There are 6 protein chains.
Amino acid sequence: MPYVNIKITREGATAAQKRELIQGVTQLLQRVLGKNPATTVVVIDEVDTDNWGIGGETVTDRRAPGR
Amino acid sequence: MPYVNIKITREGATAAQKRELIQGVTQLLQRVLGKNPATTVVVIDEVDTDNWGIGGETVTDRRAPGR
Amino acid sequence: MPYVNIKITREGATAAQKRELIQGVTQLLQRVLGKNPATTVVVIDEVDTDNWGIGGETVTDRRAPGR
Amino acid sequence: MPYVNIKITREGATAAQKRELIQGVTQLLQRVLGKNPATTVVVIDEVDTDNWGIGGETVTDRRAPGR
Amino acid sequence: MPYVNIKITREGATAAQKRELIQGVTQLLQRVLGKNPATTVVVIDEVDTDNWGIGGETVTDRRAPGR
Amino acid sequence: MPYVNIKITREGATAAQKRELIQGVTQLLQRVLGKNPATTVVVIDEVDTDNWGIGGETVTDRRAPGR
């Protein structure tokens, strides 16, 4: 019954990679806490690099060439 | 003053259906807890089926034909 | 499969009221969008009034007597 | 190490404005609580006006001309 | 830089188990997407069983003896 | 109408500090985006250091003496 929300920057994660994340987190919760995989929900949010900040600046700016 | 976040898979919910969800949740909070509708905020997130996992697999995979 | 998060101030909502919220939201999603109640997850967060702000001030301050 | 999530309606916030929000929130957490800016994460979600409700109606409806 | 939020019912997860969840999710994101562990944030929320609903009822009710 | 969620570790933030955070974020959204303070909602979550992970370990472990 756990609910997991994964937020990452939108940078081309493939369907296969998302599938692997969902499977991996679900298995982790089963292994560590005995949670039932059938009712484990995982939601992945992909966020534009303009909308993600760390260290007081956007990821877009941190990755700008010439910096 | 409540805040409600509804996450659903992105599968063509119409503007009318979203309106009905927002109205219904707001009324529910007023009826059950006496919350003021004027300051009740509802945010609906529609999530791609590749990004939603249940039972360790993506909704895209669960709905694949031939399964 | 929807996931709903309801945030309210912590002011003595009873188990019966929370039960009613969970039931009401689950039924709403079934009625409006045909969502399966069996996999609809609802999580209620109760937040201290010191930790909830609206209009630039805490709910604690808004409710202070003599204001 | 704080995590801040800002949800606003999608109405044309510019990259410069988002940069300013991220910088401002990060500085606020440093000034008020002494939090390290290097590990402060800020995520901005822009939400369609059809998906945002207040007062029991969508923002789209509240802004409809002729109302 | 990912941010992960894990919500589980409050049922006595130990500090060791939480440590294992945090480590496991961080490694998963590094392995699958190459994300830097140093800036991966994981937040675990433990939710009272009265406040968690599935199938239209609270977890407290689902676990009541005699059912 | 914005909604802001601030998550910090639970380490004794005072009511005065939370008040200052709420006021500061609300003013920032007004200044940068012209958002109406009256309907700006801010929710602060304080999270136990056992439940917060960064760099693959809990904040409790990172702060343990002798490290």
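Small disclaimer: the values here were computed from a predicted structure and weren't measured. Lettering of chains follows the sequences in order, A, B, ..., and the numbering in each one begins at 1.
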Show the nearest heavy-atom pair for residues A:Ala13 and E:Leu33, with the distance to one decimal.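 Taking A:Ala13 first and E:Leu33 second, the nearest heavy atoms are CB-CD2, 4.0 Å.
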For chain E, which candidate among A:Ile8, A:Thr9, A:Val32, A:Asp45 shows the most heavy-atom pairs at distances under 4.5 Å?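 Of the candidates given, the most pairs with chain E belong to A:Val32.
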If you measure from CG on E:Asn5 to OH on A:Tyr3, what distance do you get to the nearest 0.5 Å?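 These two atoms lie 7.5 Å from each other.
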Greatest number of heavy atom pairs closer than 4.5 Å to chain A - which of E:Met1, E:Glu20, E:Gln17: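 Between E:Met1, E:Glu20, E:Gln17, the count favours E:Met1.
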Heavy-atom side-chain contact between E:Leu28 and A:Val25 under 4.5 Å: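 E:Leu28 reaches A:Val25 side chain to side chain.
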A:Leu21 side chain near E:Leu29 side chain, heavy-atom distance below 4.5 Å: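 Yes, their side chains come closer than 4.5 Å.
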By a 4.5 Å heavy-atom criterion (distance strictly below it), what part of A:Val47 contacts chain E: side chain, backbone, both, or neither?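 Neither; nothing under 4.5 Å.
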Measure distances from A:Ile6 to the heavy atoms of chain E and classify the residue's part below 4.5 Å as side chain, backbone, both or neither.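 Contact with chain E: backbone and side chain both.
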Heavy-atom distance under 4.5 Å to chain A: side chain of E:Lys35, backbone, both or neither?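 Side chain only.
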